[in-house]
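Contents: one structure, followed by commentary.
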Amino acid sequence: MSYDNPLHVTSEIGRLVSVILHRPSHELENLTPNLMEKLLFDEIPYLKEAIREHDYFASTLKRQGVEVLYLSDLIATAIADPKVRAMFINDFLNEANIYDDGMKYTLQGYFEEKDDAMLIRKMMAGIRKNELANIPTQSLAYLVHETYPFVIDPMPNLYFTRDPAAIIGGGIALNHMRTKTRNRETLFMKYIMKHHPRFKDADIPILYNRDAKTSLEGGDILVLGKGVLAIGISERSEAHSIETLARNIFKAGEEFHTVLAFNIPKKRAFMHLDTVFTMIDHDKFTIHHEIEGPLTVYSITKQEDNQVRIHEESATLEDILKKYLGLSSVTLIRCAGGDKIDGPREQWNDGSNTLAIAPGEVVVYSRNYVTNRILNENGVKTHVIHSSELSRGRGGPRCMSMPIVREDNP
Ligand SMILES: NC(=O)NCCC[C@H](N)C(=O)O
């Protein structure tokens, strides 16, 4: 299958054709207990095992005919031109919390002498102070933080490729992440879209920009299909961003006409909409029961002359989905069946975070066996992947994947 545009995602469930993953690497070895909160981890994964699990995830997708592209390879190709490479290093350093010109100059030299693969690896892994022969600074900031072990922080969340950007139709939302640490990730996707031969000559609409003032993260963006998106107003994505994105999407083309904004509780366990709600078939969805009570849904619909209508929906979630997706019935499959103990436990480890690779066919974590059994009982085919270490980063199969092409869902 080929489309004119290298990006094509019109639904959550159309057969997955191409996806971007990141194989976890040394950035995980630079996590320390003191840094976990800042870097959005609750535990420290064991790298060797995390890689083994991730390779199994990738091979599961490949066995189903999915083209797996790796972030590190894409960025290395994107910066092949020395001028682009120099710009990339400069932009990266400008966002790396380095306020001292001497230090910046030293790091520029340090990066310039690396080959492409090592440059990317070092940027992702972060730089420990003891890796630099001479620290060229006497700055107050440096002295105050003398015991801090890094010159540049690691980027351990890179394997959650879902969040820094999202493909919507043939366009891309280059997100502005809630946290400074994750906002650095979006630079990689910006350079890939602008300079990689696969994407650079396509006329790709930018539907949201990383320079925006309010935050938006890909885990909140679900392309439900039939011209409808669901977007979480969450701990990470703000209402203003969602309205801006909706207006940009409506302006960009005919394909989408409605955004359903799901106002979910703002808490760590439910950081993105896809941690509590995903689509698995044209009429089947996972949901975590704890969001059902507090959930309010607002519809933003396209009107004439670039106007939008914003309206609080009063119906039940099933009825809202039925109405906007033109369905006669909808099945909500609760995480661990809504059990008071199994439900929150499995949701914590991404039991609701399924990745659809075709209608009714999803990739799931092995540890969420109660939810997985219920999915099977509902006729859903599950591809089960190992999950001891990957889940410690607090994301599941959907979070770990960024689909760039899906077949249209009939
Ligand atoms: N879509 C997702 O829910 N992604 C998981 C992101 C986990 C990461 N540790 C974070 O807190 O951002």
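No hydrogens, no waters, no symmetry mates; every other heavy atom, side chains included, goes into these values. Read the numbers this way: they start at 1 and go in the same order the structure lists the ligands and their atoms.
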The single option from I221, I300, L224, T258 passing side-chain contact (heavy atoms from CB on, under 4.5 Å) against L229: I221
For the pair F262 and F277, name the ring-plane relationship: parallel under 30°, tilted 30 to 60°, perpendicular over 60°. tilted
Mind checking side-chain contact (heavy atoms from CB on, under 4.5 Å) for R268 and listing every partner two or more places apart, or none if nothing turns up? L40, D42, E235, R236, M271, R394
According to side-chain hydrogen bond (donor to acceptor under 3.5 Å, both in side chains), who are the partners of E53, at least two apart in sequence or on a separate chain? none
Per the salt bridge (charged side-chain N to carboxylate O under 4.0 Å, His left out) rule, which among E185, E217, E238 passes with R178? E238
By chain and number, the residues contacting ligand 1 below 4.0 angstrom (heavy atoms only) are L40, N157, F160, D163, R182, G219, R236, R268, M271, H272, D274, T275, G393, R394, G395, C399
By salt bridge (charged side-chain N to carboxylate O under 4.0 Å, His left out) - contacts of E12 (at least two apart): R398
